[in-house]
**Student:** 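Here's a structure for you.
A, B, ... follow the sequence lines: proteins, then strands. Residue 1 opens every chain.
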Amino acid sequence: MPDNAEAPAIVRWAETTPGAEAATPWAVRMRDIGKAYRLGETRALKDNFREELTSLLRRGFGLARRGRGDKGTFWALRDINLEIACGETVGIIGRNGAGKSTLLKILSRITAPTTGEMRYRGRLASLLEVGTGFHRELTGRENIYLNGAILGMRRAEIAQQFDAIVEFAGIEQFLDTSVKFYSSGMYVRLAFSVAAHLRTDIMVVDEVLAVGDAQFQKKCLGKMEDGAHEGRTILFVSHNMGAIQNLCRTTIYLDAGAVRAWGKTSDVIDLYIRDTLGETENSGRIDLTNRNPPAQGPARLLYCELQNRDNELTSVFRYREPLRVTFGLEVLKPLSFLSFHLGVDRLDGTRVYTSDSEENDLHPGTMLPGTYIISFQSRGMHLMPGDYKISMLTARQGRRTLDLVMDVTRFHVTNVPLEGPPPAVGTGIICGSAHWEVAPTQCPAEKST
Amino acid sequence: MNPQETVISSDPRTRLIQAFRDLVEYRELLGAFILRNLKLRYKQTALGIIWVVLQPLITGVVFTAIYGLIRGSFDGGAALLFFMAGLAPWTSFQQGTQMAATSLEQNANLIAKIYFPRMIVPASQVLSSLLDFLFAFAMLAAIACLAGAFTASLLLWLIPLLIIQLATAVGLGLFLSILNAQYRDVKYAITFVLQLGMFITVWLPLEAMGRGEFHSADWGWAVPYLYQVLSLNPMAAVVETYRAVIERSPINSMLLLKAAVMSALVLFFGARFFAARERRLVDVL
């Protein structure tokens, strides 16, 4: 089958593409899947009824309308070609409106594609919501059977798992009580418990994990992982990059109705973050005069500017490019022994690097009232690709804080090198220059002829 | 292990095959839905299942009384049997069709969140009205016993007549429910139309019209045409046959044949109409 040849729309982002293990059979396969919505047709319009009726009579009952023009249609998804291997847990990410929910709806068969074809092997269940089909008037027991049946379980299967479901949810006492009398926590636990005990070959999961208390969430995630080990294929849609990172080996990144990237989760998430950052990219200059809480000391930071090697304001740097930061400082009374400290953190708060002006031999002496520009340029320290933030501290005589601004601004380091080879993956947070040497100690003398 | 492959396609032919497979695959869900409908219907009511008997019985008594008022003197037992033979199938038919018509709308949330063959929703509503019918039928049989009009052939006819009734109700329910998903007008029209249907089915003496009993009336010329139209109503044939069995008069097999064909057509076109629109259901609901 010429599957790989037929998938030009896919940007194979990572070196290890999901299709690499050709030995594993696919569980879900999509070909040229597209979904179009006619604009302005989200709700039925009453005055449309006459038109509808006329066309109905003209064409006879049951004949679907064909040959609709492209006019006024919106393609929520277009040319999606995917092949998901059996037993894999795949994340699906993308911004709002990227087509995630449409893809999810097609995957879970809630809506039919306009073009293309999807095939899947085995039984598929979708969890777009916890407790779909629960009825508040029915008892816990009745709801377990009803919900199980809606999710596609056989009655015998539910009966077999019944005790496990009840135990997992911890609602033994309330089994024969209407769920309308349940606390919301109990309700969610029961609903999730049924879902967690599904034994289908393929599961499509939306961000349903966002509900329930943290402990229960963990329990559910664990249950899902068990599922993956049993050879179940899981498609997991989420905005929670942490959950995606934990659960999914590969990830699909949707953008504007198409697959933007598909590959190793960490790489795809990186790209996603970069894209998202690019959108909210700051100009590289941040005003600090109107911050909250306002600065109160006799020395106040006014602004912060990030510059690349070509002195352009930016918040995106290339790998190995020196980081240049300029601060404006206002001094209100004569101050001496001032020192400046610049810190770089990862977004999760890990301090990567701190630079102290005093240690770098900056001794400005007594600074009279007025405004100053403080410049910093990194040397011999390179940040690995990723996102970072800057904090700035102005202090006097040792470490007496005059003005501290945490998380002044964010910046991004791309994996495009300024010069030299691209960064190797998995080699830490920073790379610095170092001195390496090889010296012989015991070595047979080279034979000369 | 060779798991079954499911195909979801934009191509209509593949869809049809898949639709049949799904119905088989999800057969247990139909049962679960019927059970749910039944459990829910009389939850938190004091009389519970008694309502199933009360509804047609009270209507039958009221109709008999009205008829008595119009006629002056009459055989009360025969009149009650006449109306009950009509109301027993009709009430459950009306109930099932009406519930089916709004069923997709009422389960909109479920439909938006999970896949299952959508036909199950209206079909389960019609099938749960079967319980109402069985109770009403038992009551009809009991009244017939009391009036000394009971025959074993009543039970014999039950199955074929029930099939006609259910086929019509399911077909109509499918058609109306999917139409109601897009045009909520259906919901308002259906109450009124079914009310009208009850008078046509339960009150009009179709059998007498067929025999040409109204030829002497001023509008006698219109009766044969009217009969032709009204005899297309499968429920009228069902009702007429029950009456004929109870009255031990000959059964109009032509009428019954028409009803069988009509109910099959209603079911077929209802299902086709449903299937053609099912794929756009979520987008319009």
Side-chain angles (χ1 to χ4, degrees), chain A residues 27 30-35 37-38 41-44 46 48-49 52 56 61-64 86 105-129 132-133 135 137-139 142 145-156 178 201 206, chain B residues 1-12 14-15 18 22 25-33 35-36 39-40 43-44 107 109-118 120 175 179-186 268-285:
Chain A
M30 285 189 153
R31 281 199 178 174
D32 307 321
I33 287 282
K35 176 76 182 175
Y37 287 100
R38 272 203 284 173
E41 207 210 12
T42 46
R43 287 275 143 189
K46 284 250 169 69
N48 215 14
F49 187 54
E52 172 93 33
L56 207 84
F61 280 4
L63 279 175
C86 213
K105 277 183 179 170
I106 290 173
L107 272 168
S108 52
R109 308 187 56 192
I110 289 163
T111 191
T114 313
T115 63
E117 183 188 277
M118 177 179 94
R119 284 168 186 265
Y120 63 80
R121 286 173 176 160
R123 278 201 291 157
L124 179 144
S126 59
L127 289 175
L128 268 57
E129 181 190 72
T132 311
H135 202 289
E137 295 285 348
L138 297 176
T139 67
E142 288 166 340
Y145 278 100
L146 177 64
N147 191 228
I150 290 171
L151 291 172
M153 284 164 100
R154 302 251 176 281
R155 205 181 158 78
S178 279
D201 308 298
D206 198 3
Chain B
M1 195 184 72
N2 189 20
Q4 194 186 16
E5 197 168 307
T6 307
V7 184
I8 293 138
S9 172
S10 53
D11 175 46
T14 339
R15 277 208 314 272
Q18 193 56 48
D22 286 347
E25 173 79 21
Y26 280 86
R27 61 192 179 276
E28 283 191 7
L29 187 60
L30 181 68
F33 269 150
L35 210 63
R36 178 192 72 162
K39 275 179 182 158
L40 286 179
K43 268 248 156 129
Q44 225 167 349
N107 288 288
N109 185 43
L110 191 58
I111 287 164
K113 294 293 182 199
I114 202 151
Y115 173 79
F116 51 86
R118 308 322 192 176
I120 287 180
F175 171 76
L179 202 60
N180 183 60
Q182 187 156 15
Y183 305 107
R184 298 289 144 86
D185 311 51
V186 173
F268 175 73
F269 281 107
R272 223 184 114 171
F273 186 75
F274 193 98
R277 299 188 149 228
E278 185 181 9
R279 60 193 250 95
R280 294 220 304 137
L281 178 59
V282 172
D283 305 334
V284 297
L285 197 69

**Student:** Go through the atoms of A/Tyr145 and report whether side chain, backbone, both or neither lie under 4.5 Å from a heavy atom of chain B.
**Tutor:**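 Neither part, no heavy atoms under 4.5 Å.
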
**Student:** Atom CD of A/Glu142 and atom NZ of B/Lys39: how far apart are they, to the nearest 0.5 Å?
**Tutor:**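 Those atoms lie 3.5 Å apart.
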
**Student:** Counting only heavy atoms closer than 4.5 Å, note whether A/Ser126 contacts chain B via side chain, backbone, both or neither.
**Tutor:**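 Both backbone and side chain.
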
**Student:** Flag the one option from B/Ile120, B/Val282, B/Ile114 with the top tally of heavy-atom pairs under 4.5 Å to chain A.
**Tutor:**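 Top count of heavy-atom pairs under 4.5 Å with chain A: B/Ile114.
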
**Student:** Can you tell me how far CD1 of A/Ile106 sits from OH of B/Tyr115, rounded to the nearest 0.5 angstrom?
**Tutor:**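 B/Tyr115 atom OH to A/Ile106 atom CD1 measures 14.5 Å (nearest 0.5 Å).
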
**Student:** Does any heavy atom of chain B fall under 4.5 Å from the side chain of A/Met30, the backbone, both, or neither of them?
**Tutor:**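 Neither part.
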
**Student:** Does B/Phe33 have any ring pair (Phe, Tyr, Trp, His ring centres under 6.0 Å) partners at least two apart in sequence or in another chain, and if so, which?
**Tutor:**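 Residues passing ring pair (Phe, Tyr, Trp, His ring centres under 6.0 Å) with B/Phe33: B/Phe116.
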
**Student:** Would you please test B/Leu110 and A/Ile150 for side-chain contact (heavy atoms from CB on, under 4.5 Å) and show each step?
**Tutor:** CA-CA 9 Å; B/Leu110 191 58; A/Ile150 290 171; 4.0 Å; yes

**Student:** Can you tell which part of B/Glu278 gets under 4.5 Å to a heavy atom of chain A, answering side chain, backbone, both or neither?
**Tutor:**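 Interface part for B/Glu278: neither.
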
**Student:** Could I get the full list of side chain to side chain contact (heavy atoms under 4.5 Å, CB included) partners for B/Glu28, not counting sequence neighbours?
**Tutor:**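 In terms of side chain to side chain contact (heavy atoms under 4.5 Å, CB included), with neighbours along the sequence ignored, B/Glu28 is linked to A/Arg154, A/Arg155.
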
**Student:** Is chain A contacted by the side chain of B/Ala271, its backbone, both, or neither, given a heavy-atom distance below 4.5 Å?
**Tutor:**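 Neither; nothing under 4.5 Å.
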
**Student:** Of the listed residues (A/Met118, A/Arg119, A/Lys105, A/Arg109), which shares the most heavy-atom pairs with chain B below a 4.5 Å separation?
**Tutor:**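 Result: the option with the highest number of such pairs is A/Arg109.
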
**Student:** Looking at CD1 of A/Ile110 and CG of B/Leu281, how far apart are the two atoms once the value is rounded to the nearest 0.5 Å?
**Tutor:**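 Here the rounded value is 11.0 Å.
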
**Student:** About how many Å separate OG1 of A/Thr111 and CD1 of B/Ile111, when rounded to the nearest 0.5 Å?
**Tutor:**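 Going from CD1 on B/Ile111 over to OG1 on A/Thr111, the span is 12.5 Å.
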
**Student:** Just how far is it from atom NZ of B/Lys113 to atom CG of A/Asp206, taken to the nearest 0.5 Å?
**Tutor:**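 So the gap between those two atoms works out to 7.5 Å.
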
